[in-house]
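So the structure is just underneath, and the comments pick up after that.
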Amino acid sequence: MKMTRRFYPKAGLDDFLGLEVWLEEKAQEGWLLDKIGGGLGWRFRQELPAKKVTYSVVCDPQADALDPKPSEEQMIFRDFCAHAGWILAGTIGEIHVFYSLEKDPTPIETEPAIQLENIHRTVKKNSLIGGRWNLITSLALLALFLVSTQTNPIGVCSSPLQLFCGACWLVSGLFLLTEAVSYRLWYRRARERAEAGLPLPPREKQYFTRLYSCLSLVLLAVGAVLLYQAGMVEYMLLILLGFAALGVVCWQMTAEMRREGVPAKTNKRVSAGAGLALGLVLISTIVLVTAADRQRDPAPILPEEGAYAENLDPAALPLSLGDLLGEGQGDPEVSLTWQGTILLSQEEIRQTQLGERLDYRVIRVKFPPLSGPCRRQMLGEHVDGAAYREDNPAPWQAEAAYRLWTGDQPENTYLLFWEDVLVELTASWSLTPRQMEQVGEAFGAE
């Protein structure tokens, strides 16, 4: 029984010349290609002693991975190659891999211009068109994310999910852009050589692909940390498992239709339609499950342990109604929302007690360059007809203080800025100088 082993191609499926070099290197190590494709790599069988093997990767733009069986033209082409001493090692979509054990085999493709045309048509069919739309989508979403960070830095930078998505669009856009530019530069050089009747040049080494793989692993690690901080790990696992199951179902559906002899175009349309419908059902289910879970009465928790809580112990709060109005008036009703990342966090606390109300939002900036944009956002957040005016920061022991005015009428809403703590505070009564000092002691000492 011959030993088999799987290897991942070092060249991309659109780098046909690179695949030939890699396959010949594996043959010199004593591994001969046995089967193409599969999520676990290409399968090789051991052939000892190692033989001199010549590989030829040929692409047929008219072929399709979903074709139920080879066309008559493909069968004629394979017979032609077999008569010339070329053995078919395997196919994957438009790619046909042949090898020859002869010392100097006759090349399958002798016209560089025709070879380049077939390669370009195959790459255009599989990568360029879809990659172009993916690139446009990634760049558009990245631009939307960057605009959001300018208009709403607090909401974006305190949301693990938004930060994770922004990083995904950045990495995806950079990878697709470098791949498109790399191929265009190679195609220009290859066309010049083909017009001169010279062999096509090899593609550059896949440095960008390797860098993209490393960045993807780092991104997954960062995303896991961000989602863990927000208590959203279970939802993301649900989403990943759901889409994994969806992928398996669609793949099985496609394979079954191929076995039944369904034409490739029909197979694609049916699979795409079914995948879209099942995807919408999956997303709707996740949204409904998430919404139903958030409507449940959560258990009392501390701010750093979750995103929402009710009936908190006032002692766990940085500032309570009892601190300002005095104890002995009963426990206030308290609700809190919190979210945060490695860049900043925000918590909103609402308290009511004996008809009095105290609401405040606390922004804790962990990345100093965000302090300025966050301050500008908070100063611009007010209802029509109202505006913040600069106030005396001394009673608050703050760096800067602002009070909300509606026309000539002052409101009991304040913005208080310290070095890395920003507070928006609203009270149902006019605060006394002593109470202002207490607020400063509660937040300015952090």
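Being a predicted model, the structure only gives us computed values, none of them experimental. Along the sequence shown, residues carry numbers from 1.
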Completion exercise
Here the pair of heavy atoms bringing Val156 nearest to Phe145 is CG1-CE1, 3.5 Å
Problem - Basic-acidic side-chain contact under 4.0 Å: Glu333, Arg350 - result: no
Problem - Residues Arg357, Asp359: salt bridge by 4.0 Å N-O rule - result: yes
Problem - Name of the residue among Arg5, Arg43, Arg6 meeting salt bridge (charged side-chain N to carboxylate O under 4.0 Å, His left out) with Asp34 - result: Arg43
Completion exercise
Here the gap from Thr406 atom OG1 to Glu411 atom CD, rounded to the nearest 0.5 Å, amounts to 3.5 Å
Practice task
Rounded to the nearest 0.5 Å, what's the gap from CZ on Arg188 to CD on Glu192? Could you check?
Solution key: 8.0 Å
Completion exercise
Closest non-hydrogen contact found for Trp396 with Trp418 is O-CZ2, 3.4 Å
Exercise for the section: First locate atom CE of Met257, then atom OG of Ser271, and finally report the distance between them rounded to the nearest 0.5 Å. Expected result: 3.0 Å
Handout entry: With Leu176, the side chain to side chain contact (heavy atoms under 4.5 Å, CB included) member among Ile136, Thr137, Asn134
Key = Asn134
Practice task
Report yes if some heavy atom in the side chain of Asn118 is under 4.5 Å from a heavy atom in the side chain of Glu109; otherwise report no.
Solution key: yes
Practice task
Using a strict cut-off of less than 4.0 Å between a Lys/Arg side-chain nitrogen and an Asp/Glu carboxylate oxygen, indicate whether Arg361 and Glu381 qualify as a salt bridge.
Solution key: yes
Exercise for the section: Report the distance from atom CD1 of Ile363 to atom CG of Leu344, rounding to the nearest 0.5 Å. Expected result: 7.0 Å
Practice task
Verify, without hydrogens or angle tests, whether Lys366 (side chain) and Thr341 (backbone) share a donor-acceptor contact under 3.5 angstrom.
Solution key: yes
Problem - salt bridge (charged side-chain N to carboxylate O under 4.0 Å, His left out) between Glu441 and Arg434, worked out - result: CA-CA 11 Å; Glu441 292 173 351; Arg434 174 54 187 158; 3.8 Å; yes
Exercise for the section: Enter the distance from Ser158:OG to Gln346:CD here, rounded to the nearest 0.5 Å. Expected result: 4.0 Å
Exercise for the section: Report yes or no: does Glu356 contribute a side-chain atom to a donor-acceptor pair with the main-chain N or O of Gln351 at less than 3.5 Å? Expected result: no
Problem - Other residues, nucleotides, ligands: >12 heavy atoms within 6.0 Å of Trp169 CH2 - result: no
Handout entry: Residues Trp429 and Gln435: side-chain donor-acceptor under 3.5 angstrom
Key = yes
